[in-house]
Amino acid sequence: MSKSTESVTNWLTVQEAADLLNIPKGKVNRLLEEYSLVAVKKDGQLMIPAELIVAGEPLAPLRGTIILLMDSGYSIEESIDWLYTHSDVLGQTPLQSLLE
């Protein structure tokens with residue numbers, strides 16, 4: 001089990017994310033392709049960290065952050081690990097900084 005799986009306490013299925021965003025599942029898949037949302041497979045099903053959806057919208061700065069991490073060689077799972085790992089420089093997790 002990776003750190004991301006341990007750190008994320010609330011996961012959404014693609015359908016749950018679609019319901020929360022009030023959009024079709026296909027649009028959620030497009031958001032995943034565009035890195036506006038990210039997901040990992042858990043028990044054979046794509047799961048999205050619930051914190052990445054704020055006030056009915058994908059977390060705005062997430063896409064640029066994920067693209068930068070991927071350009072630096074991170075996988076999606078490693079990117080989620082990074083988002084949920086405390087940073088001494090930030091004094092909190094990168095995700096907490098993005099949420100602020």
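Residues take their numbers from the sequence shown, with the count starting at 1.
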Distance, nearest 0.5 Å, that separates CG of Leu83 from OH of Tyr74
10.0 Å
Would you check if Ile76 and Ile66 make a side-chain contact, meaning some heavy-atom pair closer than 4.5 Å?
yes
Side chain to side chain donor-acceptor pair (under 3.5 Å) partners for Asn29, two or more places apart:
none
Spacing of NZ belonging to Lys27 relative to CG belonging to Leu37, to within rounding of 0.5 Å:
10.0 Å
Ignoring hydrogens and angles, write down the donor-acceptor pairs under 3.5 Å from the side chains of residues 51-65, residues two or more places apart or on other chains.
residue	atom	partner	partner atom	Å
Glu51	OE1	Tyr84	OH	2.6
Arg63	NE	Glu34	O	2.8
Thr65	OG1	Pro61	O	2.9

Test side chain to side chain donor-acceptor pair (under 3.5 Å) applied to Ser97 - qualifying residues, sequence neighbours left out:
Gln92
Are Leu68 and Leu90 grouped together when hydrophobic residues (ILVMFWY) are joined by side-chain heavy atoms under 4.5 angstrom apart?
no
Measuring from Leu46:CG to Lys41:NZ, what's the distance to the nearest 0.5 Å?
5.5 Å
Give every donor-acceptor pair under 3.5 Å between a side-chain atom in residues 17-26 and any protein atom, sequence neighbours left out.
residue	atom	partner	partner atom	Å
Asp19	OD1	Gln15	NE2	2.8

Minimum heavy-atom separation for Glu16 and Leu12, please, with both atom names.
OE1-CA, 3.3 Å
Enter the distance from Met70:CE to Tyr35:OH here, rounded to the nearest 0.5 Å.
3.5 Å
With a 4.5 Å limit on heavy-atom distance, are the side chains of Gln45 and Thr13 in contact?
yes
